[in-house]
There are 2 protein chains.
Amino acid sequence: MAKIKPGKNASKRDLITQKAAALFKKKGYSSTSMRELAETVGVEAPSLYNHIGSKSELLQTICFKVANAFTGYLESAEAANGSSVTKLEHTIRFHIHMMLQNFNEVYVANHEWKHLKEPYLSNFLIQRRSYEKRLIGLVENGIAAKAFKNVNPFVSVLTILSAVRGLEFWQQPKKNISNRVLEDDMVNHLLKGIIK
Amino acid sequence: MAKIKPGKNASKRDLITQKAAALFKKKGYSSTSMRELAETVGVEAPSLYNHIGSKSELLQTICFKVANAFTGYLESAEAANGSSVTKLEHTIRFHIHMMLQNFNEVYVANHEWKHLKEPYLSNFLIQRRSYEKRLIGLVENGIAAKAFKNVNPFVSVLTILSAVRGLEFWQQPKKNISNRVLEDDMVNHLLKGIIK
DNA sequence: TTCAAAAACTAATAAGTGTTAGTTTTGTAA
DNA sequence: TTACAAAACTAACACTTATTAGTTTTTGAA
C-alpha cells in the first residue's frame, strides 16, 4: 500500500503542479526554472521528470484545468431553470469563487497562457472565445426578455469579466473586508449597470 | 544636419523602446531576447547597446512612462473644478483613451512590471498604490457629497480599474463597434453602478 | 530477506542568454 | 578630402536553460 505521500493523498504529480502554479504566478512562466521548481518540491531538477513530461506540460495542465472548470459551470448554468438575470448572477459569483479559491491557477491561466505551445495555444483561445460568446448570448437573452437595458452585449460581458478578473489585485493585502461583502458589492455594482 | 532618421524625428532610442514594447507585449519580457529585438529594429544585438543601457532599462522606461502619465492626469483632475462625479468620469475616460492609444505600453506596464529590478520595482508599486488611494479618495468624496451610493470605495475602484484594463482583450479583433460607443457604454455601465 | 519497480541522484549536453571588447564602417562638419 | 565621432559589425564570455543518460538509493510486497 502507498504510504501517506505528500500532504494528503495527492499524487506527487499534483504536488508538483500546485507548486508550479504558485511559482508561475509569482515569477511568470518563462522566469521560473525547473531547478527552482525542484527546490520548492524538495528534490533535484531531473527527478521531476519521473513524474511529469515537461515544463510546458505543467502549464497546459494548469490552463486547461481552469478553462474546463469555467466551461463546465457555464454549461450547467445554461441548462438550469431560471431567468437570464439569475443565470448571469450565478455565473459572476462562480467567477468570484474561482478567483478566491483557486487563485494561483486562475491567475496563471489568465496571464501565462501565451506561453502554451501549439496546438494547445489555439485550443485554449478557441475555448475561451467560445465561452465569451455563450456569455454574450446570455446577455442577449436578457435584453430580448427586456430584463436588461439595451446595452452592447459584448461591452457588457467584457466589463463584467474584466472586473471580476481584477480580484487578482485583491488577495495580496487581505484587506479587512470579508469575501462575502466583497462578492456582494461587486455583483451589485456589475448587475446594476445593466439591469433595467 | 541629421537626416530623416527612423520614421519621423524620433531618436533611435525611442524606436527601440517602441519595438521593445510591442515585443514585450507579444511574448512577455523574459521570453523576448535582445537578438530578437535587434532583428525587428534591423540591427545586430550588440549595436543596441550604442543607444540603450540594458534590457531592464527598456522595461523601466516603458513602465514609468505609463505610470507618470496616469499620475500626472490624476493630479490635474484633482486640481480642476467640478464635482467628484465629473472628476471620476473624466479619469475613467482618460484610462480608456490611454488603453486605446498607447496599447502596447499600457499592456506592458500592467503585465510585465514584476520583472522590474529594485529599486524600480518598489517605486513602481508605491506609485501605483498611491494612485489607487487617491482614486479611492475621489469616491469617498462622492459618497460624502451624497452623489454616490454608500458602496465600499475600495471595491468600487477595483471594479472600475479592472474593467477598464480589460480593454486589452478588445483591440485584437477590432470589432465593428466604434471606440466612441465602446467608451460611452463602458463609462455608463461603470458609473451607473455607483451613482445614486 | 529477496527482488523488482519507482524514484532519487550525479554528470553532462546542446542551445540560448545578456552583455563586453575590439574593430570596421558610416556619416557629417571642417 | 580629411578627420572625428557615432554607430554598426564580429567574436567571444560567462551563465543559465530544459532535458537526457546512466547509476544508485529507496520502497514495499512476496
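Quick caveat: nothing in here was measured; it's all calculated off a predicted structure. Side chains included, hydrogens not; waters and symmetry mates left out as well; all remaining heavy atoms used.
Rounded to whole Å, atom C1' of dG18(C) lies 12 Å from atom CG of Leu37(B). In this structure, the CG atom of Leu15(A) is 11 Å from the P atom of dA8(C), given to the nearest Å. Glu39(A) has its CD atom 12 Å from the P atom of dC9(C), to the nearest Å. Taking atom CG of Leu58(B) as the reference point, atom P of dT19(C) lies 9 Å away to the nearest angstrom. Distance Glu44(B) CD to dG18(C) P: 14 Å, rounded to the nearest Å. To the nearest angstrom, C1' of dA8(C) lies 12 Å from CD1 of Ile16(A). dT17(D) atom P lies 13 Å from atom CG of Leu23(A), rounded to whole Å.
Side-chain contact between Met98(A) and Tyr73(A) is absent, with no heavy atoms from C-beta onward closer than 4.5 Å. Looking at Phe169(A) and Arg165(B), their side chains come closer than 4.5 Å, going by heavy atoms from C-beta outward. Counting heavy atoms from C-beta on, the side chains of Val157(A) and Pro153(A) never come closer than 4.5 Å. Counting heavy atoms from C-beta on, the side chains of Arg134(A) and Glu75(A) come closer than 4.5 Å.
Within the cation-pi definition used here (under 6.0 Å to the ring centroid, within 45° of the axis), Lys114(A) does not qualify as a partner of Phe124(A). Taking the centre and axis of the six-membered ring of Tyr29(B), the NZ or CZ atom of Lys55(B) falls inside the cone set by 45° and 6.0 Å.
Remark: the Gln18(A) side chain and the Asn104(A) side chain contain no N/O donor-acceptor pair separated by less than 3.5 Å. No side-chain donor from either of Thr17(A) and Thr61(A) sits under 3.5 Å from a side-chain acceptor of the other.
Residues from residues 24-35 of chain B placing a heavy atom under 4.0 Å of any atom in DNA chain D, listed by number, are Arg35(B). Residues from residues 47-55 of chain A that place a heavy atom under 4.0 Å from any atom of DNA chain D, listed by number: Tyr49(A), Ser54(A), Lys55(A).
Across dA8(D), dC9(C), dT19(C), the shortest atom-to-atom separation from the side chain of Val43(B) is found for dA8(D).
One finds the CG atom of Leu48(A) at 5.0 Å from the CG atom of Leu37(A) (value rounded to the nearest 0.5 Å).
Proximity of Lys12(A) to the phosphate of dA6(C): no side-chain N or O atom is located under 4.0 Å from OP1 or OP2.
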